[in-house]
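Okay, so here's the structure we're looking at.
The sequence lines fix the lettering, A, B, ..., with proteins before strands; numbering per chain opens at 1.
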Protein chains: 4
Amino acid sequence: MKSDKREIIRQSAIKIFYAEGFHQATTDRIAAEAGVSVGTIYNYFRSKEDVLGYIFQVELEKRVRYLEGLQKQDLSIADKFGGFLAMHFAQVKEDPALASILIRERNLPHKRSVAVIEDFQARILEHFEGMFEEALKKQEIRPCNPKLAALLVFGAMEAVISRALGKGAGGLDRGFLEDAAREIPMLLFRAFGLPDLGPDPDQPDGRDRQAQPGEEAQPVHQARPEMDILLD
Amino acid sequence: MKSDKREIIRQSAIKIFYAEGFHQATTDRIAAEAGVSVGTIYNYFRSKEDVLGYIFQVELEKRVRYLEGLQKQDLSIADKFGGFLAMHFAQVKEDPALASILIRERNLPHKRSVAVIEDFQARILEHFEGMFEEALKKQEIRPCNPKLAALLVFGAMEAVISRALGKGAGGLDRGFLEDAAREIPMLLFRAFGLPDLGPDPDQPDGRDRQAQPGEEAQPVHQARPEMDILLD
Amino acid sequence: MKSDKREIIRQSAIKIFYAEGFHQATTDRIAAEAGVSVGTIYNYFRSKEDVLGYIFQVELEKRVRYLEGLQKQDLSIADKFGGFLAMHFAQVKEDPALASILIRERNLPHKRSVAVIEDFQARILEHFEGMFEEALKKQEIRPCNPKLAALLVFGAMEAVISRALGKGAGGLDRGFLEDAAREIPMLLFRAFGLPDLGPDPDQPDGRDRQAQPGEEAQPVHQARPEMDILLD
Amino acid sequence: MKSDKREIIRQSAIKIFYAEGFHQATTDRIAAEAGVSVGTIYNYFRSKEDVLGYIFQVELEKRVRYLEGLQKQDLSIADKFGGFLAMHFAQVKEDPALASILIRERNLPHKRSVAVIEDFQARILEHFEGMFEEALKKQEIRPCNPKLAALLVFGAMEAVISRALGKGAGGLDRGFLEDAAREIPMLLFRAFGLPDLGPDPDQPDGRDRQAQPGEEAQPVHQARPEMDILLD
DNA sequence: TATGAATGAGACTTCATTCAT
DNA sequence: TATGAATGAAGTCTCATTCAT
């Protein structure tokens, strides 16, 4: 089966790119890791860069599929971000090497042929932006520049992942990732949430204002089993 | 003068690294750009990587010097971040190519010899963290994890710069950078500021609480002439 | 076939190292001589030094195999040295370029990786020493320091080869080599041989002592067909 | 004084050539060792090779002067060789680094400009040959090929020095050198000496022949104060 | 005479990619 | 489809030598 080999090569490339960086990684090492010969790589990919592009593409598609799934559901922006965050972080935990590559190699100047890499960030940002725009329309959040907001959230998120992955070291700081997953939605809520709706999680007694009757604290992150199918 | 050549080479390397990326950049091109011969580069630097390291070092020192200057002054955390943001963004405007390198090459797996590159983010984060810790002690801000907070701010900031620089293209989106400089402090204030002290800049009339007499709205970012001298 | 190319490269390297000396020789020239591309050299050898090491190794193995073959046979020390000398000189005649390299590059300070080069002389000396020790035990020769004796013989032998090869010039002085092959054993006999057993080849009439009946003048160097198979 | 600097550079070059080998040695290192700048080296020598040539020249002259001194004296060949051996070995002990260079770099293919290096061995051999020829004429020794004899002696001598110096290691095996100095003349005597004149040092009681009246055992090596002035 | 920064040709080695089997 | 030996362009770095000061 063709996709079999392609997949094996992709997996092996992830290991090698992670361990050595894209430029230092050699096709020989990838082939050895995959248990095939160099020639075989070129039967499934046009070039080494193409392998990297494919790695990005697969991940991009996962995220986009997930984001499109979120879009169709009638969720608050908090739940949407919470959902994406959970999914994104889960992927990082599942394959830290992959996550590392996604961050390290993203900004590098690659040939035109690997447009996917440039798309990765752009496509996710578009979705984030759409989420902010919709929330603005629905007056879920305070007025803000949705482009900028999307970018800030994305940047913060990636910095957290980058840090959790450490500097090329072996381990993944899972505790840090979990702390972040808990705190980020709260901060987002404070930063963007409408003042008269947003409860202050730190002051549940509501010292300076009374909770309105019928008002419910909105858990920013909750299990959403119907979304899990979106993950491969 | 020795530092003369070293500086010329540094400047030329910035241009070439920016245009071609560190790995694609050749020592021949750098030498040509600097108007010296290849050998001369190696009279001032141990290796190509050493040149990159020096580029990071110079910028790191600028930032650290500025941050240490801020530390000594009795400023609110808002003013501190505002100040650093202004300074950092000003540097980006002054030399977008340099800013681009700082972001693109930061995460690459370089040899141990270029520890400066690994230090760059770490040192700035330490300062950010220190600022958050101090603000917490002074009860300027809500309780939060200072490590995480520092990281989020840093990540958001870098994402903005990355976006403003565009994807390797020539231009710098100055408008975007300025918008960001205006909005980020506000968001930080909302996300971290203490509720009973932080005025809501969107609602200057103070619908939900009365401004205290003598209380002045603190513009998060204002000209601080005494700091300007810190920028070389 | 792998060993095919390796052998071609070895042969070509011998030519080039001989003509230009190891340091002046370039991998490009070796590749050209071998009719392959530079890269191919590095498919069969780790480095230029490795090629030199391999050249020494092949020759060392030839000599050692021959010396071990001699060891197993019940020969007088004279026959042993005579045999080795004949074999060694034959190799020199067959490939003077190779012989030249073996002498010229032997003393150079090479990297640790080319330990074979250091082994070359050491291993042959060990065998020589062993031959002297055995002869001493069998009282074939006068008392002497076997280490020193081995060294003197080796040095004398190499000086002869060095001279016969000329100073880097093209030719090999075959006559000189043959003269030496004839005279050296005689001198060895005189220098080390037991006085009451050693016939004086210059005075076959035995002026100062009578040849014992049944005693045969031992030609130090005679055809030993059974040894020829030891030469590849 | 011009020769002052030239001498300092020569001494420094000896140290560096010894430690790193001629090719690996850099002019920078030599200059640093000499406490001058690279440029200065080129004020006293035409090239790096020229420095090496000068090193050989100085030593060659020492040896030749000594050999010429010997020639003028009415000494037996044994005394002559004994004298040269003593002097040569004394030089080795005095400056092992220098001796090492003389052996290591002698066979290398150097540019034509450094003919001295090629002369070194040739000139000494000529003298040896002359000594043998004269001894033959005076019937001091058995008939032999003086060219070959000279070569064998030279080769044996150099092998001993090479071994005593070790393989580039720090130390000099002085004991070995002294043993050799004692044994070599004896072996030479046996190999070349006339049978009816040569006493057998192993059998001082003269088992197989009577010492002639008035015949004195000739010590092969004795103090010759009149020669010491020849050593700088 | 001394300096030492500048030079630049040229060396070794790597490695993505090809293609005959 | 799989192989892997062969390719060769290209890159980094070295270092003997020069020459203006």
Side-chain angles (χ1 to χ4, degrees), chain A residues 1-2 4-6 9 22-32 34-51 111, chain B residues 1-2 4-6 9 23-32 34-51, chain C residues 1-2 4-6 9 23-32 34-51, chain D residues 1-2 4-6 9 22-32 34-51 111:
Chain A
M1 201 198 307
K2 183 180 169 177
D4 223 28
K5 280 269 171 62
R6 199 169 158 86
I9 292 167
F22 176 77
H23 269 101
Q24 274 68 39
T26 69
T27 48
D28 273 7
R29 293 272 294 112
I30 295 169
V36 300
S37 70
V38 234
T40 302
I41 293 177
Y42 286 83
N43 286 336
Y44 293 93
F45 296 93
R46 262 193 311 279
S47 67
K48 194 176 109 172
E49 275 203 318
D50 194 30
V51 178
K111 295 201 195 88
Chain B
M1 198 197 312
K2 185 178 169 176
D4 227 26
K5 278 274 168 55
R6 199 170 156 87
I9 292 167
H23 270 102
Q24 273 68 39
T26 71
T27 48
D28 275 6
R29 293 271 299 110
I30 296 170
V36 300
S37 68
V38 226
T40 301
I41 294 178
Y42 288 86
N43 285 340
Y44 293 93
F45 296 93
R46 264 192 308 278
S47 66
K48 197 177 106 174
E49 275 203 322
D50 194 30
V51 178
Chain C
M1 201 197 307
K2 186 177 170 177
D4 226 26
K5 279 274 167 57
R6 198 170 157 88
I9 292 167
H23 271 103
Q24 274 67 39
T26 70
T27 48
D28 275 7
R29 293 271 297 109
I30 296 170
V36 301
S37 68
V38 227
T40 300
I41 293 177
Y42 288 85
N43 285 341
Y44 293 92
F45 297 94
R46 264 192 309 278
S47 66
K48 198 177 103 172
E49 275 203 321
D50 194 30
V51 178
Chain D
M1 200 199 311
K2 183 177 167 177
D4 222 28
K5 280 269 171 64
R6 199 170 156 86
I9 292 167
F22 177 78
H23 270 101
Q24 274 67 40
T26 69
T27 48
D28 273 7
R29 293 270 296 112
I30 295 169
V36 300
S37 70
V38 234
T40 301
I41 293 177
Y42 286 83
N43 286 336
Y44 293 92
F45 296 93
R46 262 193 313 278
S47 66
K48 196 177 107 172
E49 276 202 319
D50 193 30
V51 178
K111 293 199 197 90

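As rounded to whole Å, 12 Å separates atom P of F:dT12 from atom CZ of B:R29. Counting to the nearest Å, the C1' atom of E:dA5 and the CG atom of B:D4 are 13 Å from each other. Between the CG atom of D:D50 and the C1' atom of F:dA16 there is a distance of 13 Å, rounded to whole Å. Rounding to whole angstrom units, CG of residue A:D28 and C1' of F:dA5 are separated by 11 Å. Distance D:I9 CD1 to E:dT1 C1': 12 Å, rounded to the nearest Å. The distance between atom CD of A:Q24 and atom P of F:dT12, rounded to the nearest whole Å, is 12 Å. Atom CD of B:E49 is separated from atom P of F:dG11 by 16 Å (rounded to the nearest Å). When the P atom of E:dT18 is taken as reference, atom CZ of A:R46 falls 12 Å away, rounded to whole Å.
Note that OH of A:Y42 is 8.0 Å distant from NZ of A:K48, once rounded to the nearest 0.5 Å. Put simply, CD on B:Q24 and NE2 on A:H23 are 4.0 Å apart, with the number rounded to the nearest 0.5 Å.
Counting only heavy atoms from C-beta on, C:T26 has its side chain closest to E:dC12 among E:dC12, E:dA16, F:dA16. Here F:dT1 is the nucleotide among F:dT1, F:dT17, E:dT13 with the atom lying nearest to any side-chain atom of A:N43.
Along DNA chain F, the nucleotide closest to C:V36 and the one closest to B:Y42 are compared, and the more 5′ of them pairs with C:V36. Mapping B:I41 and C:H23 onto DNA chain E by nearest heavy atom places B:I41 at the nucleotide closer to the 5' end. Checking D:G39 against B:V38, the closest nucleotide of DNA chain F that is more toward the 5' end is the one next to B:V38.
Across all strands, D:A25 comes closer than 4.0 Å only to sugar-phosphate atoms, never to a base (heavy-atom distances). Residue-level contact check: B:S37 touches the bases, meaning some heavy atom is under 4.0 Å from a base atom.
Closest non-hydrogen pair, B:F45 versus B:D50, comes out as CA-OD2, 3.6 Å. Taking every heavy atom of both residues into account, A:Y44 and A:R6 meet most closely at O-NH1, 2.6 Å. Nearest approach of B:T27 to B:V38, heavy atoms of both residues: OG1-CG1, 3.7 Å. Residues D:S37 and D:A31 share a closest heavy-atom pair of C-CB, 3.7 Å.
Under 4.0 angstrom from either OP1 or OP2 of E:dA16 there lies at least one side-chain N or O belonging to A:T27. In this model, the phosphate group of E:dT3 is approached by a side-chain N or O of D:T40 to a distance below 4.0 Å at OP1 or OP2. Checking the phosphate oxygens (OP1, OP2) of E:dA2, a side-chain nitrogen or oxygen of D:K5 falls inside 4.0 Å.
Residues forming a side chain to side chain contact (heavy atoms under 4.5 Å, CB included) with D:T26 (at least two apart in sequence, or on another chain): D:D28, D:R29.
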### Task
Could you walk me through whether A:I30 and A:I41 pass the side chain to side chain contact (heavy atoms under 4.5 Å, CB included) test, one step at a time?
CA-CA 9 Å; A:I30 295 169; A:I41 293 177; 3.9 Å; yes
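Where DNA chain F pairs in unbroken runs of 3 or more (Watson-Crick or G-U, both distances under 3.5 Å), the stems are E:2-21 with F:2-21.
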